[in-house]
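Side chains are part of it too, since the values below use all heavy atoms of this structure and drop only hydrogens, waters and symmetry mates. We count ligands from 1, going down the list as the structure has it; atoms in each ligand are counted the same way.
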Amino acid sequence: MAPTAKRSTVKTRGQKPSQKAPLVHRSPRTLAEKRRIAAVVLEALQAEYPDAHCELDHTNAFELLCATILSAQCTDVRVNMVTPALFARYPDAASLAAATQEAVEAIVRTTGFFRAKAKNLISMAGALMDRHGGEVPRTIDELVQLAGVGRKTANVILGNAFDINDGIVVDTHVQRLSRRLGLTREADAIAIERALMPLFPRDKWALLSHLLIWHGRRTCDARKPRCGACVVRAVCPSAALEG
Ligand code: SF4
């Protein structure tokens, strides 16, 4: 899981140049207020990003599982550069389980931590063959038993490959936006996931992650949020400090 984003700091009126104000400067206090903001955010981001989707290229659950394992500490763009070769050579769990470490390393080298990732991919595929008939399981408990798979990855697979909303994917963008929007003060990913669950309809959990990730990449940048161009500015307690 990526580290918590640093708090940006900006000057506010009346402050000396050396004084800084935290980007998150006030937060809604009640559950009702958070729910009101959550509803506005969901509607506005759905309108802004009607095509929001998982940006890891895949055609089935096995491919998405491999791509998500490779995405740790790596951009989706970079992962999408190596997965065509990986999937062409190892199209299923049986072929990947029989692969050599060296051969997989050679394909995934540019995604970083390539030795560990290659090892996890082969081990994950072996477990699919041994315990799941070569198929990707459909529960969090079974998924997190696989090498290289944590709760975040399990939620990605369930939500995107199987349309199962068991949890909410909390990556660095979801962490940052949840806090800036005042939906939680938590820093830990699992605590943030728990805080978000009662605020959004369950059937929107997978979509919510995509929307927040897309907004984080395009507007609510970690270091320079473009609040002036932000469609949720009206309800964001961190707005107007920039832009
Ligand atoms: S107004 Fe928008 S861009 Fe600015 S901090 Fe809030 S969500 Fe991020």
Exercise for review: For residues 183-221, pull every pair meeting ring-ring contact (aromatic ring centres under 6.0 Å, His included), keeping only residues two or more places apart or in separate chains.
Suggested key: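 Output for this query lists Y49-H215, H53-W214.
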**Study point:** Lys/Arg-Asp/Glu bridge criterion (N-O < 4.0 Å) met for E48, R218
**Key:**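 Not counted as a salt bridge, because no side-chain N and carboxylate O are separated by less than 4.0 Å.
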Exercise for review: Identify whether the distance between the nearest side-chain nitrogen and carboxylate oxygen of D76 and R217 falls below 4.0 Å.
Suggested key: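 Looking at D76 and R217, the cut-off is met.
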Check your understanding: Can you tell me if C230 has an N, O or S atom under 2.8 Å away from atom 2 (Fe) of ligand 1?
Key -> yes
Point to revise | Close-contact set for ligand 1 against A239 heavy atoms, below 4.0 Å | key: 1 (S)
Check your understanding: Does anything in residues 61-71 pair up under side-chain hydrogen bond (donor to acceptor under 3.5 Å, both in side chains), and if so which pairs, sequence neighbours excluded?
Key ->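 Checked against side-chain hydrogen bond (donor to acceptor under 3.5 Å, both in side chains) - neighbours excluded - the pairs reaching residues 61-71 are T59-E63.
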Exercise for review: Examine all N, O or S atoms of C236, backbone included, and report whether one is under 2.8 Å from atom 6 (Fe) of ligand 1.
Suggested key: yes
